[in-house]
Amino acid sequence: MIPVGFAYERPDTLDGALALLAEHGEDATVLAGGHSILPVMKLRLAAPELVIDIGRLAELDHVRVDGDELVVGAGTRHRTVESSEVVQAEAPLLAAVARTVGDPQIRHRGTLGGSLAHADPASDLPAAVLALGGTVVLRSPRGERSVPITEFYTGVFSSVKEPDELITEVRVPRTGTAGWAYEKFTRRANDWAIVAVAVVDGRVGLVNMGPTPLRAAATEAALADGAPIADAAALAAEGTEPTADLTATADYRRHLARVLTRRALTTAAGA
Amino acid sequence: MKVRMTVNGDDTSADVEPRLLLAHYLRDTLGLKATNVGCDTTSCGACTVLVDGESVKSCTMLAVQADDATVQTMEGLSASPEDLHPVAEAFRTEHGLQCGFCTPGMVMAAVSLLRETPRPTEREVREGLEGNLCRCTGYHNIVRAVLAASGQDPDAVIGGGHATEAPSGGVEVAPGFSTGSGA
Ligand SMILES: Cc1cc2nc3c(=O)[nH]c(=O)nc-3n(C[C@H](O)[C@H](O)[C@H](O)COP(=O)(O)OP(=O)(O)OC[C@H]3O[C@@H](n4cnc5c(N)ncnc54)[C@H](O)[C@@H]3O)c2cc1C
Ligand code: FES
Ligand code: FES
């Protein structure tokens, strides 16, 4: 499978990338790790005129602590997120979730920013950042803005990111030793989740339970009121709109959400 | 557009279309046919090569993305047919292949795995090769070969307590795989 022909630019700086994006707008596509966009282009579901490769921008590839937050550059590879001692210490959920993405070859290429920008409801990392209560930092020639992840997604493959904006970094609170767990249910190795549940510090993020990653609000409220784990987990599918596909019916997804939430809460509680 | 990259120690360059995949640059432009294209959808791992030392599926990377990079394929792994790389040698002694279609990708993925995890458990080998499919062997001898290449005795590692321990931390991907030891 061969993509439709395109022009290719690899700017040396973030500003250079932003200028190209502003100039070409919707005719251009940004390429980071390429592990979502190249498969789509090979299937000819996308045919950009220009591909802007940001995959080597050092400005986007960093992990650091800033006050109460862990900051991860958008161009940081899944493999780096998974193996970084800083991420493992400050937000162990994020490192563990990165390790469940695809397979090692995919994790050597795919990036955190690409995963968040792609906005696939079956992706692991958006729900992890949601459970962590993180923020997405966006930049365009018009300036920089921070969007809480709770306000970032608008639907399947869509977000509030404007066509001239790039994600530059992702900021998550330093959760340190707070209890966490990730339960991912797949049909086979190297696959996306049918449903997955991320738990950290009493917050619950759901993968593939609707058009966007979701928080299990009823479960979180019950936990805050002191409900036992089993009772709180039974509410995990409240307010969700899972789809049916070849791997699962909507009812089966609701069932999985409840079971995986119970398991994740139990693990996170250290019980 | 012009790309240059070092492939198996040799400088290579060509004028290519940006849409040319790295797999096709290796196979068609350079004539290095060990790297197979199986699924063409990032699933089977037959096209795995090393880019700057890390395993990558070359059906999901553009040749222009590898501009200036160092690439290694199965052809460049062993010094000669008589002097095989330890991973290739172990695939031979442990019978880690049958038809051989998956083998170049499997071997390159194993080389990358052993660089990151020099002394893996059985579970780490199985998870580390989850991006590579084999239709023939049932994987068992491939796992043995990678353990042997790491300097361990496969018989001692497989089925031992060391081999079946879950990774630490609160992460679980289910259904898991069979360890072949009833665990
Ligand atoms: C076989 C296979 C299995 C996979 N399994 C999983 C899985 O289990 N779980 C999972 O979560 N993911 C999975 N993935 C997806 C993988 O995680 C991708 O790496 C990720 O979704 C996209 O990251 P990327 O850097 O490759 O982005 P790209 O493919 O380069 O880009 C994806 C999209 O995001 C845009 N983009 C990229 N970076 C930025 C940025 N900084 N700012 C603005 N826009 C940007 C691009 O324009 C494009 O539209 C899998 C992929 C494959 C091929
Ligand atoms: S051909 Fe590249 S993964 Fe199958
Ligand atoms: S040996 Fe035939 S596919 Fe693996």
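Residue numbers begin at 1 in each chain, while the letters A, B, ... track the order of the sequences. Values below: every heavy atom of this structure, side chains too, minus hydrogens, waters and symmetry copies.
Ion pair A:Arg79/B:Glu116 flagged as a salt bridge, since at least one NZ, NE, NH1 or NH2 atom sits closer than 4.0 Å to an Asp/Glu carboxylate oxygen.
Residue B:Glu130 comes nearest to A:Pro104 through the heavy atom pair CG-CD, 4.3 Å, listed as atom of the first residue, atom of the second, then distance.
Here the CZ-CZ distance, from B:Arg19 to A:Phe6, works out to 8.5 Å after rounding to the nearest 0.5 Å. Between the CD atom of B:Glu127 and the CG atom of A:Asp103 there is a distance of 12.0 Å, given to the nearest 0.5 Å. Atom SG of B:Cys59 is separated from atom CD of A:Gln105 by 10.0 Å, given to the nearest 0.5 angstrom. Rounding to the nearest 0.5 Å gives a distance of 6.0 Å between CZ of A:Arg56 and CG of B:Asp67. Atom NE2 of A:His108 and atom CE of B:Met61 lie 12.5 Å apart (nearest 0.5 Å).
For B:Thr48, the part lying near chain A is the side chain, with the backbone staying farther off; criterion is any non-hydrogen pair under 4.5 Å. Of the two parts of A:Ile194, neither the backbone nor the side chain holds a non-hydrogen atom closer than 4.5 Å to a non-hydrogen atom of chain B. The contact between B:Ser43 and chain A is made entirely by backbone atoms, counting heavy-atom distances below 4.5 Å. Interface residue B:Leu62: backbone and side-chain heavy atoms are both found under 4.5 Å from chain A. With a threshold of 4.5 angstrom between heavy atoms, A:Val199 does not approach chain B through any atom at all.
Residues of residues 36-46 of chain A that come closer than 4.5 Å to chain B, counting heavy atoms only, are A:Leu38, A:Pro39, A:Lys42, A:Arg44, ordered by residue number.
Your options are B:Gly131, B:Pro18, B:Ser55, and the one with the most heavy-atom pairs under 4.5 Å with chain A is B:Ser55.
Residues B:Val64 and A:Asp53 fail the side-chain proximity criterion, which asks for heavy atoms closer than 4.5 Å.
Counting heavy-atom neighbours within 6.0 Å of A:Asp12 CG, excluding the residue itself, gives a total of 12 or less.
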Begin from the C-alpha positions of A:Arg109 and B:Gln65 and carry the test side chain to side chain contact (heavy atoms under 4.5 Å, CB included) through to its verdict. CA-CA 11 Å; A:Arg109 299 295 307 163; B:Gln65 286 178 284; 3.4 Å; yes
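Using modelled atom types and a 3.5 Å distance limit, the side chains of A:His35 and B:Thr60 yield no donor-acceptor pair.
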